[in-house]
K.L.:
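Supplied in structure tokens, the structure appears directly below.
What you see is a predicted model, and the numbers here were worked out from it, not measured in a lab.
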Amino acid sequence: MRMRRYNPNDASDRKKLFTSIEQSSADLREFRSTRMTHLEMFVGHNYGKNLRKRTYLNLLYEAVTVYSRHLAARNPTCLVVTPQAHLRGVAKDMQAALNHQMREINFGQTLQLVVLEAMFSMGVAKMGVTPEEREGVKGYLHDANQTFVDPVSFDKFFYDSSSESLESADYMGDVYQLPTDYIQRSRMFNRKSRHMAKSAQKDGQFPQGQGRSGQLSGSQSRTKESLKKRTWLYDVWLPAENLLVTLLKDQPAAPPLRVVEWEGPERGPYHTLGFTKVPGNIQPLPPAVLWSDLHELTNSLLRKLANQARRQKTITLTSDEEDAESINRTDDGNAVDVDNFDSVMERTFGGVSGNNLNFMQGCRELFSRSAGNLEILGGYGADSETLGQDRLLNANANERVRDMQDEVVLFIQRVVQEMAWYLWDDPLVSIPITRTVGNEEIHDVWTPASREGDFFDYNFSIEPHSLRSMSPQERLLQLRGAMGNFIMPAMESLAQQGYGLDANEYISVVAELSGIHELKRIITPLDGDVQERPGNPHTGDHVYTRVDSGPPRQPQTDPAGQAFSSVTDTTQNT
């Protein structure tokens with residue numbers, strides 16, 4: 001039996017949609033309120049309006065930032081592969097174009113905001129192609145006909161709360177603002193509806209009666225006037241009808257501003273990220289929900305300990321009034337003569353409770369354990385007595401990070417695959433790429449003529465290590481490992497293929513990463529030309545002799561090998 005399709009141009013259907021969106025907002029009210037509470041804990045009492053409880057030790061901020069650093073510290077890089085050998089060159093070019101586009105639209109920052117949002121509720125990203133009429137309206141990174149990936153705050157996202165999953169939802173969408181004069185002048189909107197656009201109220205709250213995360217900084221004052229008048233809009237995606245509908249949020253009776261058929265990938269414009277699924281529920285379980293109680297308990301105890309410390313006082317008791325006056329006039333460290341020494345005594349009142357202090361320290365340790373051993377994840381130092389125990393703890397702590405990282409990688413793969421789809425389908429695409437051939441870099445452009453085969457001939461993946469930033473020390477350790485385990489053992493084979501070790505470049509890289517720039521002066525090239533003489537063919541060693549006009553000298557070992565050994569010893573000691 002064929003179901004009746006929703007018609008956004010029908011007033012009755014449109015009224016039902018507005019009613020359902022209002023119900024969805026009501027169902028999400030508690031989740032939004034909890035998110036707001038945890039965000040207030042995250043920013044502490046010194047951010048924006050100083051009306052929150054004093055936070056002496058912001059454990060929630062510490063945990064969230066440590067995990068965010070592991071999950072999305074920088075712009076990810078994608079890998080495009082294909083099982084068909086004749087398409088691998090095209091796959092490499094598409095990979096270069098995708099990575100260039102991700103940098104162009106600053107996808108790394110969007111990813112960081114989505115991951116941060118997922119730590120408190122549900123991360124949401126909205127994808128599409130910026131129409132020519134809307135170029136620059138939502139920011140300077142929104143160029144005409146270019147793919148955009150924007151973070152959507154959870155307090156502006158809504159979905160069909162009556163469904164059992166987002167896949168089966170009848171609709172989902174977000175609320176946002178555009179300049180009122182732009183709406184009224186834009187020809188991409190319905191003529192009748194666009195002239196009905198009205199500027200939003202000064203408080204700008206959505207939904208009605210609920211606070212938004214933007215209010216944390218005090219930026220939503222009722223008396224604040226914006227430079228341009230703005231109007232609240234709904235973008236609603238209807239999967240069954242394959243429609244994307246734009247509506248005036250505050251005017252349910254107004255016809256839709258715009259109704260277009262969705263021409264993007266079947267997943268639609270919205271992509272969500274959650275770290276722990278709850279059976280039978282759309283909303284995931286965010287990490288901040290699990291950490292907030294211990295954060296609040298620890299700071300409650302610290303506030304109590306601070307009050308006890310402030311109330312502490314040490315006073316001198318005496319029955320002789322003259323002695324009391326003499327003691328009060330005497331500076332610290334000086335002597336004073338008293339008439340009745342036995343009547344003078346010092347007493348201390350109040351002070352920090354040892355039991356409360358021990359309990360607070362225990363709560364802090366419990367927080368670290370509940371957050372997956374935060375000291376190990378944050379790199380604050382060893383937590384055990386032996387190296388083997390440290391490695392075991394580090395591996396166990398990283399298991400939780402890997403689970404969350406898997407969710408982030410899957411999210412990025414979905415976004416990148418759809419970004420690649422737009423790239424493949426765009427008839428006007430022109431993206432500069434760099435192709436490496438041997439030691440040369442060739443600059444080219446990805447255009448529709450670059451496409452070969454079918455889009456589904458290619459697979460898209462994300463390298464998890466590309467999400468995490470590496471310190472110079474970590475890069476130096478990786479360089480040492482690569483040199484010692486792969487490059488040096490293969491030097492003979494590489495030499496036969498015409499490759500050698502550039503000792504000068506290697507020393508420069510090590511000096512830069514280690515911060516010991518004196519290495520460039522300590523290790524210098526030898527005078528004269530160097531000529532290779534084969535050594536023991538079984539060990540792969542080589543002996544070099546100097547060729548000059550002077551008398552013969554003793555054979556010398558490989559200067560590149562000497563440089564590597566010297567620098568390796570130096571970096572091991574740093």
Side-chain angles (χ1 to χ4, degrees), residues 34 36-67 119-120 211 215-218 287-385 393:
T34 301
M36 189 71 171
T37 300
H38 293 152
L39 283 174
E40 289 180 342
M41 294 182 184
F42 174 71
V43 301
H45 72 287
N46 285 322
Y47 183 81
K49 293 181 179 179
N50 194 357
L51 302 177
R52 294 176 284 274
K53 294 180 180 178
R54 186 175 294 274
T55 303
Y56 290 103
L57 187 62
N58 202 327
L59 297 175
L60 191 61
Y61 171 85
E62 185 178 359
V64 168
T65 52
V66 166
Y67 273 84
M119 301 296 290
F120 296 94
Q215 294 175 326
L216 289 171
S217 60
V289 171
L290 305 176
W291 300 335
S292 58
D293 288 341
L294 279 172
H295 164 90
E296 179 58 32
L297 178 58
T298 302
N299 280 280
S300 175
L301 289 167
L302 277 171
R303 287 191 290 269
K304 186 170 186 177
L305 291 171
N307 290 333
Q308 291 175 348
R310 293 189 186 97
R311 290 197 304 269
Q312 178 183 347
K313 61 180 66 177
T314 301
I315 60 177
T316 301
L317 304 178
T318 179
S319 60
D320 192 308
E321 183 176 351
E322 293 183 359
D323 289 347
E325 292 179 358
S326 299
I327 293 172
N328 287 336
R329 290 194 301 267
T330 304
D331 293 333
D332 182 43
N334 293 340
V336 61
D337 182 28
V338 295
D339 295 331
N340 190 358
F341 176 77
D342 293 334
S343 69
V344 179
M345 63 182 65
E346 189 177 80
R347 290 288 184 271
T348 299
F349 298 92
V352 173
S353 167
N355 290 334
N356 287 345
L357 180 61
N358 291 334
F359 183 37
M360 183 277 297
Q361 292 173 341
C363 289
R364 183 179 181 182
E365 293 175 2
L366 283 174
F367 183 92
S368 175
R369 178 170 297 183
S370 69
N373 210 335
L374 208 56
E375 281 75 15
I376 297 293
L377 289 175
Y380 301 140
D383 197 37
S384 57
E385 298 178 356
L393 288 172

K.L.:
Looking at every non-hydrogen atom in both residues, tell me the closest pair between A371 and L377 and how far apart they are.
P.N.:
O-CD1, 3.8 Å
K.L.:
Could you tell me the separation between the CG atom of L60 and the OG1 atom of T298, rounded to the nearest 0.5 Å?
P.N.:
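Separation between the atoms: 11.0 Å.
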K.L.:
Specify the closest pair of heavy atoms between N58 and H295, including all atoms of both residues, with the distance to one decimal.
P.N.:
OD1-CE1, 3.4 Å
K.L.:
CZ of F367 to CG of L374: how many Å apart, nearest 0.5 Å?
P.N.:
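So the gap between those two atoms works out to 6.5 Å.
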K.L.:
Starting at CG of N373, measure out to CD of E365 and round the result to the nearest 0.5 Å.
P.N.:
10.5 Å
K.L.:
Do you know which two heavy atoms are closest between A335 and T330, and how far apart they sit?
P.N.:
O-CG2, 4.0 Å
K.L.:
Indicate whether the side chain of T55 and that of H45 have a donor and an acceptor atom separated by less than 3.5 Å.
P.N.:
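H45 and T55 do not have a side-chain donor-acceptor pair below 3.5 Å.
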K.L.:
With rounding to the nearest 0.5 angstrom, report the OG to CD distance, S353 to Q308.
P.N.:
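Here the rounded value is 5.5 Å.
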K.L.:
Indicate yes or no: at least one non-hydrogen side-chain atom of R303 is less than 4.5 angstrom from one of Y56.
P.N.:
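Answer yes - side chains close enough.
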K.L.:
Within a radius of less than 6.0 Å around CD of E322, do more than 12 heavy atoms belonging to other residues, nucleotides or ligands occur?
P.N.:
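Counting neighbours around CD of E322, 12 or fewer heavy atoms of other residues, nucleotides or ligands fall under 6.0 Å, so no.
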K.L.:
Are any of the side-chain heavy atoms of W291 and L59 separated by less than 4.5 Å?
P.N.:
no
K.L.:
Does the side chain of M345 come within less than 4.5 Å of T316's, by heavy atoms?
P.N.:
no
K.L.:
First locate atom SG of C363, then atom CG of L297, and finally report the distance between them rounded to the nearest 0.5 Å.
P.N.:
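CG of L297 is found 4.0 Å from SG of C363.
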K.L.:
Can you find a heavy atom in the side chain of I315 that is under 4.5 Å from one in the side chain of E346?
P.N.:
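No, side chains not in contact.
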K.L.:
Would L305 and L357 satisfy side chain to side chain contact (heavy atoms under 4.5 Å, CB included), going step by step from the backbone distance to the final call?
P.N.:
CA-CA 7 Å; L305 291 171; L357 180 61; 4.0 Å; yes
K.L.:
Is there a donor-acceptor pair under 3.5 Å between the side chain of N299 and the backbone N or O of L57?
P.N.:
yes
K.L.:
Under the rule for ring-ring contact (aromatic ring centres under 6.0 Å, His included), what residues qualify as partners of F359, not counting sequence neighbours?
P.N.:
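Applying ring-ring contact (aromatic ring centres under 6.0 Å, His included) to F359 gives none.
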K.L.:
Below 4.5 Å, heavy atoms only, C-beta onward: do M360 and L302 meet side chain to side chain?
P.N.:
yes
K.L.:
Do R347 and T314 have side chains that approach each other closer than 4.5 Å (heavy atoms only, starting at C-beta)?
P.N.:
no
K.L.:
Look at the aromatic rings of F120 and F42 and report parallel, tilted or perpendicular, splitting at 30° and 60°.
P.N.:
perpendicular
K.L.:
May I ask you to say whether R369 pairs ionically with E375, meaning some side-chain N is under 4.0 Å from a carboxylate O?
P.N.:
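No, this pair does not count.
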K.L.:
Quick check for you: to the nearest 0.5 Å, what is the distance between T37 atom OG1 and E296 atom CD?
P.N.:
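Reported to 0.5 Å precision, the distance equals 10.0 Å.
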